[in-house]
Amino acid sequence: MEKYAEQTQQEFEGWEEFFNKPVDEKVNAFRSGNRIYDVIYAQQFDRAFLDYLCRLADSIRLLAKTKVGQSKLRHLLPHKRAMLYFVQPSTRTFLSFQNACHILGITTSETRGTSTSSEVKGESPEDTIRTFASYVDLIISRHPEAGFAEKTAWVLNQTDHPVPVLNGGSGPDQHPTQALLDIYTLEREFRTIGGLDGKKIAMVGDLKRGRTVRSLSYLMKNYQDIELVYVAPEIFKMKDDIKEFLDKHRIPFTETEDFESIMPDVDAIYMTRIQNEYGSDPTSEAETFPQFHLRPHHLPKIQTHCAILHPLPRRYEIDIRIDKDPRAAYWRQERCGMWIRAALIAYIFRVDDDIQDELS
Ligand code: NCD
């Protein structure tokens, strides 16, 4: 579809001032009563919340095993409607949120690009989002711009008809619900070996532009005695803001380009893909950085309990022959995303107690 007009720029009084505050000072703006209302940054989650949400996801999962249980879940929120505003490519996050909504009986609408919305007429994204809030009870957004979900939630909260906003990925910045599902997966993979506390986790690949490793790193402050190993090519090293956060919270981390050397030491390996979409140099697109790939000959080097995760999509970072290894957790991780997102939405709409009651 042709674009008729340039996007209208709107200035919201107070936004710049709010945006420039440290996250710690902003989290209260996204709470309502004693609860999280909008999910914008991973820093909003504390240990009690994470543990609670993992238990809730387990309960939903258990109920969904039977027809009767699924029917009970579907009767929790049939009076609610959600909008999935996904204007950056997505497969898992979109589908898992959509199916999480359907599990709870929520009706969904979707926009998968700006080309068929009034944004081609020059409408600002803030007005577009405000329009969604006129029709639905929940907005889930994915956008190429860092800070997009934060701004739309902030703008909506100034209106007389706010609805919760869930950040399904905001540029190279944050992906808080991915971090939730990563935690849920790690907790499940480590269930028989004492959970996540005390574990050493390697994050591998494009740590500079990958938002999942950023959000997951923030969550590490909630666990005891965690150690992180960042394995990345020099040009894609983890950014300083995250390293400063880890220092502040006394979370030890090391950095290396020698992937093989750390393989025997870690309890989990979190693989990521090179995020070419954020690059401007076409010659670098062909480079797949094979030193940062996991291959079948590496499997004997890693511990027998080592969990292999990947937010997916993968390219060449994990050889498909690894999929059959019991330590390959990434397909389980994908399903965990649907259950933890259903738990999050149930919490946001305060039907979490009803779910726990069903099982007590
Ligand atoms: C990730 C993302 O979009 O940030 N994918 C996802 O949500 N599962 C990771 C990626 O695209 O590499």
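Since the model is a prediction, treat every value here as computed from it, not as a measurement.
Nearest heavy-atom pair across Leu207 and Arg214 is O-CG, 4.5 Å. Summarising the geometry of Ile139 relative to Ala133, their closest heavy-atom pair is CD1-N, 4.0 Å, with the distance given to 0.1 Å. Contact detail for Val266 and Cys306: the closest heavy-atom pair is O-SG, 3.8 Å. Of all non-hydrogen atoms in Phe349 and Asp137, the two that sit nearest each other are CZ-O, 3.6 Å. Taking every heavy atom of both residues into account, Tyr230 and Ser217 meet most closely at OH-OG, 2.7 Å. When every heavy atom of Pro164 is checked against every heavy atom of Ile348, the shortest pair comes out as CG-CG2, 3.8 Å.
Looking only at side-chain heavy atoms (C-beta outward), Gln10 and Asp127 come within less than 4.5 Å of each other. Looking at heavy atoms from C-beta onward, Ile103 lies in side-chain contact with Ile60 at the 4.5 angstrom threshold. Tyr85 is listed as a side-chain neighbour of His143, based on a closest heavy-atom distance under 4.5 Å. The shortest side-chain heavy-atom distance between Arg273 and Phe292 does not fall under the 4.5 Å cut-off. Proximity of Ile193 to Lys199: side-chain heavy atoms (C-beta onward) are separated by under 4.5 Å at one or more points. Put simply, the side chain of Ile262 does not reach to within 4.5 Å of the side chain of Lys200, judged on heavy atoms. Residues Asn167 and Glu150 are not in side-chain contact: their nearest non-hydrogen atoms beyond the backbone lie 4.5 Å or more apart. Residues Leu359 and Leu63 are in side-chain contact: their nearest non-hydrogen atoms beyond the backbone lie under 4.5 Å apart.
In summary, Asp173 and Arg211 do not engage in a salt bridge, as defined by a charged side-chain N under 4.0 Å from a carboxylate O. The pair Arg209-Asp206 meets the salt-bridge criterion, with a side-chain N (NZ, NE, NH1 or NH2) lying under 4.0 Å from an Asp/Glu carboxylate O. Salt-bridge formation is detected for the pair Glu255/Lys243: a Lys NZ or Arg NE/NH1/NH2 atom is positioned less than 4.0 Å from an Asp or Glu carboxylate oxygen. Using a 4.0 Å cut-off between charged side-chain N and carboxylate O, Lys301 and Asp265 make no salt bridge. A salt bridge links Asp58 with Arg191: the closest approach of a Lys/Arg side-chain nitrogen to an acidic carboxylate oxygen falls below 4.0 angstrom. The pair Arg47-Asp51 counts as a salt bridge, with a side-chain nitrogen and a carboxylate oxygen less than 4.0 angstrom apart.
A distance-only check finds a donor-acceptor pair linking the side chain of Arg327 to the backbone of Ile302 [under 3.5 Å]. Side chain of Asn20 to backbone of Glu17: no donor-acceptor contact under 3.5 angstrom is found. Of the possible polar contacts, none joining the Glu334 side chain to the Tyr330 backbone as a donor-acceptor pair under 3.5 Å is found. The backbone N or O of Ile40 lies less than 3.5 Å from a partner atom in the side chain of Gln44, making a donor-acceptor pair. For His310 (side chain) and Leu312 (main-chain N/O), a donor-acceptor pair under 3.5 Å exists by modelled atom type. No side-chain donor-acceptor contact under 3.5 Å links Ser90 to the backbone of Phe86. No donor-acceptor pair closer than 3.5 Å links the side chain of His175 to the backbone N or O of Leu216. Remark: the backbone N or O of Arg335 is not paired with any side-chain donor or acceptor of Arg332 at under 3.5 angstrom. Here the side chain of Arg142 pairs a donor or acceptor atom with the backbone of Gly168 at under 3.5 angstrom. A donor-acceptor contact shorter than 3.5 Å links the side chain of Asp38 to the backbone of Val165.
A chain of hydrophobic side-chain contacts below 4.5 Å, direct or via other Ile, Leu, Val, Met, Phe, Trp or Tyr residues, connects Leu181 to Ile226. Residues Ile320 and Ile322 fall into different hydrophobic clusters, defined by Ile, Leu, Val, Met, Phe, Trp and Tyr side chains chained together at heavy-atom separations under 4.5 Å. Hydrophobic clustering (side-chain heavy atoms under 4.5 Å, transitive across Ile, Leu, Val, Met, Phe, Trp, Tyr) groups Leu104 together with Phe97. Linking Ile, Leu, Val, Met, Phe, Trp and Tyr residues whenever their side-chain heavy atoms come within less than 4.5 Å places Leu50 and Val39 in a single cluster.
With no hydrogens or angles considered, a side-chain donor-acceptor pair links Ser59 and Gln356 at under 3.5 Å. Side-chain contact annotation: Gln178 with Thr212, donor-acceptor N/O pair under 3.5 Å absent. A donor-acceptor pair shorter than 3.5 Å can be found between the side chains of Gln43 and Gln174. Asp319 and His293 share no side-chain donor-acceptor pair at under 3.5 Å.
Using bins of under 30°, 30° to 60° and over 60° for the plane-to-plane angle, the ring pair Phe289/Phe236 lands in the perpendicular bin. In this structure, Phe45 and Phe49 have parallel ring planes: the angle between them is below the 30° cut-off, well short of the 60° mark.
How far CD of Gln70 is from NE2 of His75: 12.5 Å, rounded to the nearest 0.5 Å. One distance of note links OH of Tyr184 with CH2 of Trp339; it measures 8.5 Å at 0.5 Å rounding. Interatomic distance, Ile318 CD1 to Met271 CE, rounded to the nearest 0.5 Å: 5.5 Å. To the nearest 0.5 Å, atoms CZ (Phe18) and CG (Asn157) are separated by 8.5 Å. Of the inter-residue distances, the one linking Glu358 atom CD with Ile355 atom CD1 reads 9.0 Å to the nearest 0.5 angstrom. Annotation: the span from Ile340 atom CD1 to Met338 atom CE amounts to 12.0 Å, rounded to 0.5 Å.
When the options Gln291, Arg295, His298 are evaluated for a side chain to side chain donor-acceptor pair (under 3.5 Å) with Glu260, the one that passes is His298.
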| request: Kindly determine whether Thr152 and Glu126 satisfy side chain to side chain donor-acceptor pair (under 3.5 Å), including the steps that lead there. | output: CA-CA 6 Å; Thr152 53; Glu126 293 84 2; over 6 Å; no
| Would Thr107 and Arg81 count as a side chain to side chain donor-acceptor pair (under 3.5 Å) if you check the C-alpha gap in whole Å, the side-chain angles of each, and the deciding distance to 0.1 Å? | CA-CA 5 Å; Thr107 312; Arg81 295 181 297 276; over 6 Å; no
| request: Evaluate ring pair (Phe, Tyr, Trp, His ring centres under 6.0 Å) for Tyr41 paired with Tyr218, printing each intermediate quantity in order. | output: CA-CA 9 Å; Tyr41 337 95; Tyr218 283 126; 8.8 Å; no
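By the 6.0 Å contact criterion, NZ on Lys324 is open, its count of non-hydrogen atoms from other residues, nucleotides or ligands being 12 or less.
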